[in-house]
Protein chains: 2
Amino acid sequence: MQLKSQVEWALHCCSILAGLPPEGYLATRALAELHGVPKEYLSKALQALSNAGLITGTLGPSGGYRLARPTSDITFLDVVEAVEGSASTFVCTGIRDNNPCATRADIDDCDRGPCAIARVMWQADKAWRDSLRSVRLSDLRDSLERDIPADLWRRTGEWVLARA
Amino acid sequence: MQLKSQVEWALHCCSILAGLPPEGYLATRALAELHGVPKEYLSKALQALSNAGLITGTLGPSGGYRLARPTSDITFLDVVEAVEGSASTFVCTGIRDNNPCATRADIDDCDRGPCAIARVMWQADKAWRDSLRSVRLSDLRDSLERDIPADLWRRTGEWVLARA
DNA sequence: TCTAATACGGATATCCACTATCCTTATGGA
DNA sequence: TCCATAAGGATAGTGGATATCCGTATTAGA
């Protein structure tokens, strides 16, 4: 079980858009070049973010994307679910109903509550999502500013600004 | 991102094996019939559990599987990782190294520590695994005994016992 | 007004993991 | 000896992820 590569791309793109001046837009072309990923395919991830209302796009030359909300109002979970979907990682297919010992009444009775196994798996899924929800884009920017060499951080900011 | 169906099968099979008498073995055929899943394919999941040391198999007629450890010593995480693998759900491909602004020195410098985005994603992955690790097979048996109608619980126990 | 660059979405092709089945081998109980 | 079983290799089928291409509407700038 592995998240799509688009999740990684989307998170990196959001971290870049988070550094954009308020009125600027950054085009897919620039984001693709910055991360070394195919523009056409990255475009699909950005469209997913746009459909989820996390970023807004504008057409025409000098068009592109910007964040639709403050960085403190966008969480990792928002981005992950925009790309990956919000369906649980565990799907209960109800195989307990195939128990040859079970009568029709048993099945109807069991169906009133979710399977004990599913409950545990869904609880773990919730723990994962809760963890993702606890980190905002603003937190990420703080981490990046601490991690990335100051010189590279500055040059990248200028590179983005020149294309915004 | 979705867990394999074999994870669900493996968990249900373990819950059944947990009710086996100490010296009994239950064959793949019986487990497949009980859950209404293809025997040949379920066999792969059971082999994975066996390779992980969670269950032990024995050959010949009256052969089959039993738990290799006490139910209090097997967690959901053990079962999930046996089938699904223990690799993180998030893979950092290091696309930040493709930054055209980065020099060779920048890349070497960054490579000393993991990406800030990866850290967050791995922390969420850990929260998921911690949650799975906190529930044992013995807990699951307790939940099932509470959830499943007493009559069905008894009949299923007898069905298994007759084949162990 | 015209041109070019862009977002957006549909269509298509490729690749790979998951799903599923079949077959052979070794083992052990009757 | 015979048969049922675990174990594992080989081989498709299926569907989602990856990737590319194209057409359309929109808009900034010449």
Side-chain angles (χ1 to χ4, degrees), chain A residues 1-10 13 17 23-33 35-68 80 82-85 87 89-91 93 95 163-164, chain B residues 1-10 13 17 23-33 35-68 80 82-85 87 89-91 93 95 163-164:
Chain A
M1 184 183 57
Q2 203 172 96
L3 290 163
K4 319 190 207 193
S5 57
Q6 285 196 342
V7 170
E8 183 185 16
W9 301 359
C13 286
L17 294 179
E23 299 306 315
Y25 287 98
L26 194 61
T28 306
R29 165 183 306 279
L31 287 167
E33 187 183 351
H35 296 115
V37 299
K39 189 192 79 156
E40 303 289 346
Y41 191 38
L42 174 64
S43 168
K44 301 297 182 184
L46 296 173
Q47 283 175 38
L49 293 177
S50 176
N51 288 332
L54 302 181
I55 64 178
T56 57
T58 197
L59 293 177
S62 82
Y65 291 102
R66 71 161 63 130
L67 293 183
V80 169
V83 173
E84 194 70 38
T89 53
F90 180 82
V91 177
T93 62
I95 59 175
R163 288 160 179 80
Chain B
M1 184 183 56
Q2 203 173 95
L3 289 163
K4 318 189 206 190
S5 58
Q6 286 197 343
V7 171
E8 183 186 16
W9 301 359
C13 285
L17 294 179
E23 298 306 314
Y25 286 99
L26 195 61
T28 307
R29 166 185 304 279
L31 287 167
E33 187 182 351
H35 297 115
V37 298
K39 188 193 79 155
E40 305 288 346
Y41 191 36
L42 173 63
S43 169
K44 303 296 182 184
L46 296 174
Q47 285 175 37
L49 294 176
S50 177
N51 287 332
L54 302 181
I55 64 178
T56 56
T58 198
L59 294 176
S62 83
Y65 291 102
R66 72 159 64 129
L67 294 184
V80 169
V83 173
E84 193 71 38
T89 54
F90 180 82
V91 176
T93 63
I95 59 175
R163 289 161 181 77

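Letters go in sequence order (proteins before strands), and every chain restarts at 1. The structure presented is a predicted model; accordingly, all values stated were derived computationally and were not measured.
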Within less than 4.0 Å of OP1 or OP2 of D/dA6, is there a side-chain N or O belonging to B/Ser50? no
In whole Å, I'd like the distance from the CG atom of A/Leu59 to the C1' atom of C/dG9. 12 Å
Residues A/Val37 and B/Ile95: closest non-hydrogen pair is CG1-CG2, 4.4 Å
Whole Å only: how far is the CG atom of A/Leu42 from the P atom of C/dT6? 13 Å
Rounded to whole angstroms, how far apart are OH on B/Tyr25 and P on D/dA4? 20 Å
Which atom pair, heavy atoms only, marks the closest approach of A/Trp9 to A/Pro38? CH2-CD, 4.0 Å
OP1 or OP2 of D/dA4 sitting under 4.0 Å from any side-chain N/O of B/Arg29? no
For C/dC8, does OP1 or OP2 lie under 4.0 Å from any side-chain N or O of A/Asn51? no
With a 4.0 Å cut-off on heavy atoms, is B/Thr28 in touch with a base, just the backbone sugar-phosphate, or nothing at all? sugar-phosphate
Atom CD of B/Gln2 and atom C1' of C/dA17 are separated, to the nearest Å, by 13 Å
Correct closest heavy-atom pair for B/Gln6 and B/Lys44 would be NE2-CB, 3.8 Å
Quick one: B/Gln6 CD to C/dT21 C1', roughly how many Å, whole number? 13 Å
Rounding to a whole Å, what distance do you find between A/Lys39:NZ and D/dT18:P? 20 Å
Regarding the side chain of A/Pro61, the nearest nucleotide among D/dC21, D/dT18, D/dT27 is D/dT27
Residue among A/Ile55, A/Thr58, A/Leu54, A/Leu26 satisfying side-chain contact (heavy atoms from CB on, under 4.5 Å) with A/Tyr65: A/Ile55
Can you tell me if B/Gln47 touches the phosphate of D/dG8, counting only side-chain N or O atoms and a distance under 4.0 Å to OP1 or OP2? yes
Identify, between A/Met1 and A/Ala27, the residue whose nearest nucleotide on DNA chain C lies closer to the 5' end. A/Ala27
A quick test of your reading: do over 12 heavy atoms of other residues, nucleotides or ligands sit less than 6.0 Å from CZ of A/Arg66? yes
Nearest whole angstrom, please: distance from the C1' of C/dT6 to the CZ of A/Arg163. 16 Å
Any A/Ser5 side-chain nitrogen or oxygen under 4.0 Å from OP1 or OP2 of D/dT18: yes
Nearest whole angstrom, please: distance from the P of D/dA17 to the OH of A/Tyr41. 8 Å
